[in-house]
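Below is one structure, written out as structure tokens, with a few remarks after it.
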Amino acid sequence: MATTTELAQAIGTLVATTAQVVPITLMNHNVDEAAEIIAAVAERCSAVGMTLTRIFVDPELGSELGLKDGTRLTHAGRPVVVYEPGLARQLRFEKADTA
């Protein structure tokens, strides 16, 4: 399995190169690992000059992570957590509009 750093780099690259907000599925990751991945992606994106504006999570996963709908993360760029029912174990990272 890829390390958190490797996942953050791959997810950051995907977010940077796609126009649409692509869902990322966390298959075999526990809550602590999911939290680490979210933080690492925010930090990685910021390190390459890309700002994340919102991170979409399922309400159940958000609750497990201790994240509330509408709150800002403390990580780079301070993206807002948005609950999106039906995502299950998926996350969606939205970058700032660069147009």
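Keep in mind the model is a prediction, meaning the values are calculated, not measured.
To the nearest 0.5 Å, the span separating CZ on Arg44 from CG on Leu7 amounts to 12.5 Å. The CD atom of Glu43 sits 10.0 Å away from atom CG of Leu73, with the distance rounded to the nearest 0.5 Å.
When all heavy atoms of Ala40 and Thr4 are compared, the pair lying nearest together is CB-CG2, 3.8 Å. In this structure, Pro79 and Leu52 approach most closely via the heavy-atom pair CB-O, 3.5 Å. Residues Tyr83 and Ser63 come closest through the heavy atom pair OH-N, 3.5 Å.
By the rule that hydrophobic residues join a cluster once side-chain heavy atoms approach within less than 4.5 Å of another member, Ile11 and Ile38 end up as members of one cluster. Grouping the Ile, Leu, Val, Met, Phe, Trp and Tyr side chains by contacts below 4.5 angstrom, directly or via other members, places Val41 with Leu67. A continuous path of ILVMFWY side-chain contacts below 4.5 Å connects Leu65 to Phe93, so both sit in one hydrophobic cluster.
Within the structure, every pair that satisfies the salt bridge (Lys or Arg N to Asp or Glu O under 4.0 Å) test and touches residues 70-88, not counting sequence neighbours, is listed here: Glu84-Arg92.
Side-chain contact check for Leu61 versus Leu91: some heavy-atom pair is nearer than 4.5 Å. Looking at Arg89 and Asp58, their side chains never come closer than 4.5 Å, going by heavy atoms from C-beta outward. Residues Val80 and Thr53 form no side-chain contact, since every pair of their non-hydrogen atoms from C-beta on lies 4.5 Å or further apart.
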Identify all side-chain donor-acceptor contacts of residues 12-31 below 3.5 Å with residues at least two apart in sequence or on another chain.
residue, atom, partner, partner atom, Å
Thr13, OG1, Gln9, O, 2.9
Thr17, OG1, Thr13, O, 2.9
Thr17, OG1, Leu14, O, 3.4
Thr18, OG1, Leu14, O, 2.9
Thr18, OG1, Gln20, O, 3.2
Thr25, OG1, Gln90, NE2, 3.3
Asn30, OD1, Asp32, N, 3.0
Asn30, OD1, Glu33, N, 2.8

